[in-house]
Amino acid sequence: MGDELAAEVSELEQQMYSMAGYEFNASSPAQLSEVLFTKLQLPTAGIKKGKTGYSTGQKELDKLRGQHPIIELIERYRELTKLISTYIEALPKLMAADGRIHTTFNQDVTSTGRLSSTNPNLQNIPVRTELGRKIRQAFVPSDGKVFVGADYSQFELRLAAVLAGDEKLIEDFNSDVDIHAKTAAETYGISIDEVNKSQRRAAKVINFGVLYGMSPHGLAAATGMSFTEAKKFIDHYFEVRKPIRQYLDKILTQAREQGFVETYFGRRRPTPDVKSSNFMVRSSAERAAMNMPIQGTEADLMKLAMIRLEDKLSGLADAILQVHDSILVECKPEDVQKVSEIMKAEMEGVCPELPIKLKVDVGTGVNWGEV
DNA sequence: AAAGAAAGCGCG
DNA sequence: AAAGCGCGCTTTCTTT
């Protein structure tokens, strides 16, 4: 893969150089910015400026697509070089004496209670693009074993529904409806089968973003709506999901009055900056405070599930990875059914007192991409 | 030469 | 003026 992709990178470089009229380092944001906005004179209206100049990040390239053919080349170049340097070249070097790659899970790094993974980070192995999934396919179990992966479906949103006590939202989850479509339908005031793709996409962005204080500006940037449309959409959303609004307000009050927020199980994160006189610092602290109970409760539940599984799967399967809402193990092919059932049962039943049904999807494969 | 900032982007 | 949260790694470029 590395050789094939390197060849394509070379071709892309040559094409970019000829469009620019000179050779430059396309991996240098400074040089690339010079090419786009000075040499090629692309419009800078609406392009974000950083400390050093105009940004060339993906969000800005989106705004320039169609303006010049070089944009698509840059995007492809970025995708390829990212995958080559971070994964294809790096991972084989980290193979240990036993022929495998071992990450280190840190338990005291994150502010929400999640694990983090370093050296290498195995919690950010590609999966979202076709090419990315090919890298994931390179991860295989030991000889004769297969992978079984189990992940919580809509984990974050389900916990938000619980913590906010949003009965309607809980009911939707318990009856297995397409939650993004349902949110779109209610927000636009239409029926669920009238929801089109772009409406569903907007609702999905909102479902994840607005929970943590995404602004009309942010929603507009993420969806292509106008600022006014985005503002209206958010207002409607909180009309429909009143308990969510009240819950977020309650968390902010708690952060200000008690100086901390906490998970469902009572694990705390201090929130001193919600009293900052600096708007940016304060706003950022408020968003973090709104997020922590949800993300932190997810983390707590995952750890509980991992502890239970360690026992239940003992002698039957070996733990491989945890990626925030998913667990990957390996086992003998003949044990797949049993292992799958145990994982699903333990994870879904990790905390029966929760007033919501947790849903876990289980998959199997001879490589990680297949799971 | 080493350390650090900035930009960018992979994942949940 | 700036406007989802949580991470870690690579490259470039500057500072020490």
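Values reported hereafter were calculated over all heavy atoms of this structure, with side chains retained and with hydrogens, waters and symmetry mates removed.
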Point to revise | Side-chain-base donor-acceptor pair under 3.5 Å for A/Asn121 and C/dG8 | key: no
Revision key, fill the gap. Checking B/dG10, C/dG6, B/dG12 against the side chain of A/Asn124 (C-beta onward), the nearest is B/dG10
Point to revise | Note: A/Glu72-A/Arg78 ion pair, threshold 4.0 Å (strictly below) | key: no
Review point. Is the phosphate of C/dA3, meaning OP1 or OP2, less than 4.0 Å from a side-chain N or O of A/Arg287?
Key: no
Check your understanding: Within less than 4.0 Å of OP1 or OP2 of C/dT11, is there a side-chain N or O belonging to A/Asn25?
Key -> no
Review point. Is it true that A/Arg76 and A/Glu8 make a salt bridge, defined as a side-chain N closer than 4.0 Å to a carboxylate O?
Key: yes
Exercise for review: Go through B/dG8, C/dG6, C/dG4 for me and flag the one nearest to the A/Lys82 side chain.
Suggested key: B/dG8
Exercise for review: Please test A/Asp361 against A/Lys344 for salt bridge (charged side-chain N to carboxylate O under 4.0 Å, His left out), starting from the C-alpha separation and ending with a verdict.
Suggested key: CA-CA 7 Å; A/Asp361 296 318; A/Lys344 188 171 169 71; 5.4 Å; no
Review point. Quick one: which of C/dC5, C/dT10, B/dG12 gets closest to the side chain of A/Ala288?
Key: C/dC5
Check your understanding: According to a strict under-4.0 Å criterion, is A/Ser284 in side-chain N/O contact with OP1 or OP2 of C/dA3?
Key -> no
Check your understanding: Between C/dT10, C/dA2, C/dC5, which one does the side chain of A/Met280 approach most closely?
Key -> C/dA2
Point to revise | Among B/dG12, B/dC11, C/dA3, the nucleotide that comes nearest once only the side chain of A/Gln295 is considered | key: B/dG12
Review point. Looking at DNA chain C, which of residues 27-65 of chain A put a heavy atom within less than 4.0 Å of it?
Key: A/Ser27, A/Ser28, A/Gln31
Review point. What nucleotide among C/dC5, B/dG10, C/dT11 has an atom nearest to a side-chain atom of A/Tyr87?
Key: B/dG10
Exercise for review: Remember a base hit wins even if backbone is also touched, and classify A/Ser117 as base, sugar-phosphate or nothing at under 4.0 Å, heavy atoms.
Suggested key: sugar-phosphate
Practice item. With heavy atoms under 4.0 Å as the rule, sort A/Arg282 into base, sugar-phosphate or nothing. Key: nothing
Point to revise | Watson-Crick or G-U wobble partner of C/dA2, both distances under 3.5 Å | key: none
Practice item. Measure the distance from CG on A/Leu131 to P on B/dG10 and round it to the nearest whole Å. Key: 11 Å
Exercise for review: Describe the nucleic acid contact of A/Val127 in one word from base, sugar-phosphate, nothing, applying a heavy-atom distance below 4.0 Å.
Suggested key: sugar-phosphate
**Study point:** Student check: side-chain heavy atoms of A/Phe260 and A/Gln254 closer than 4.5 Å
**Key:** yes
Check your understanding: A/Asn119 near the nucleic acid: base, sugar-phosphate alone, or nothing, with a heavy-atom cut-off under 4.0 Å?
Key -> sugar-phosphate
Point to revise | Distance in angstrom units between A/Glu286 CD and C/dG6 P, rounded | key: 13 Å
Check your understanding: With sugar-phosphate meaning primed atoms plus P, OP1 and OP2, does A/Phe279 contact a base, only sugar-phosphate, or nothing at under 4.0 Å between heavy atoms?
Key -> base
Check your understanding: Within the structure shown, what part of the strands sits under 4.0 Å from A/Ser283 by heavy-atom distance: base, sugar-phosphate, or nothing?
Key -> nothing
Review point. How far does the P atom of B/dA7 sit from the matching atom of C/dA2, given to the nearest Å?
Key: 13 Å
**Study point:** Non-hydrogen side-chain atoms of A/His217 and A/Phe227 separated by less than 4.5 Å
**Key:** yes
Check your understanding: Counting just side-chain N and O atoms, does A/Ser111 come under 4.0 Å of either OP1 or OP2 of C/dC7?
Key -> yes
Check your understanding: Rounded to whole angstroms, how far apart are OH on A/Tyr77 and C1' on C/dT12?
Key -> 11 Å
Check your understanding: Does the distance from a Lys or Arg side-chain N to an Asp or Glu carboxylate O, for A/Asp235 and A/Lys232, drop under 4.0 Å?
Key -> no
Check your understanding: So which nucleotide from B/dC11, C/dA1, C/dC7 ends up closest to the side chain of A/Val109?
Key -> C/dC7
Check your understanding: Should A/Arg128 be listed as having a side-chain N or O under 4.0 Å from OP1 or OP2 of B/dG12?
Key -> yes
Review point. To the nearest Å, how far apart are A/Glu75 CD and B/dC9 C1'?
Key: 13 Å
Point to revise | Close side-chain approach of A/Arg133 and A/Arg128, heavy atoms under 4.5 Å | key: no
Exercise for review: Compare the minimum distances between each of C/dG6, C/dC5, B/dG12 and the side chain of A/Thr110, then state the nucleotide with the smallest one.
Suggested key: C/dG6
**Study point:** A/Arg245/A/Glu239 ion pair, N-O < 4.0 Å
**Key:** no
Check your understanding: If we only count heavy atoms from C-beta on, is the A/Val360 to A/Met343 side-chain gap below 4.5 Å?
Key -> no
Exercise for review: Measure the distance from CZ on A/Phe24 to C1' on C/dC13 and round it to the nearest whole Å.
Suggested key: 17 Å
Practice item. Measure the distance from CZ on A/Phe227 to C1' on C/dA2 and round it to the nearest whole Å. Key: 11 Å
Revision key, fill the gap. Rounded to whole Å, CG of A/Leu115 lies from C1' of C/dG8 at a distance of 14 Å
Check your understanding: Mapping A/His217 and A/His324 to their closest nucleotides on DNA chain C, which lands nearer the 5' end?
Key -> A/His217
Study note, to complete from the structure: In A/Asp300, A/Thr297, A/Thr112, the residue satisfying side-chain hydrogen bond (donor to acceptor under 3.5 Å, both in side chains) with A/Thr263 is A/Asp300
Point to revise | Closest nucleotide among C/dT10, C/dG8, C/dA1 to the A/Ala90 side chain | key: C/dT10
**Study point:** Minimum-distance nucleotide to A/Thr118 side chain [options: B/dC11, C/dT10, C/dG8]
**Key:** C/dG8
Study note, to complete from the structure: In Watson-Crick or G-U wobble terms, with both distances under 3.5 Å, the base opposite B/dA5 is C/dT12
Exercise for review: Report the distance from atom CG of A/Leu83 to atom P of B/dG8, rounded to the nearest whole Å.
Suggested key: 18 Å
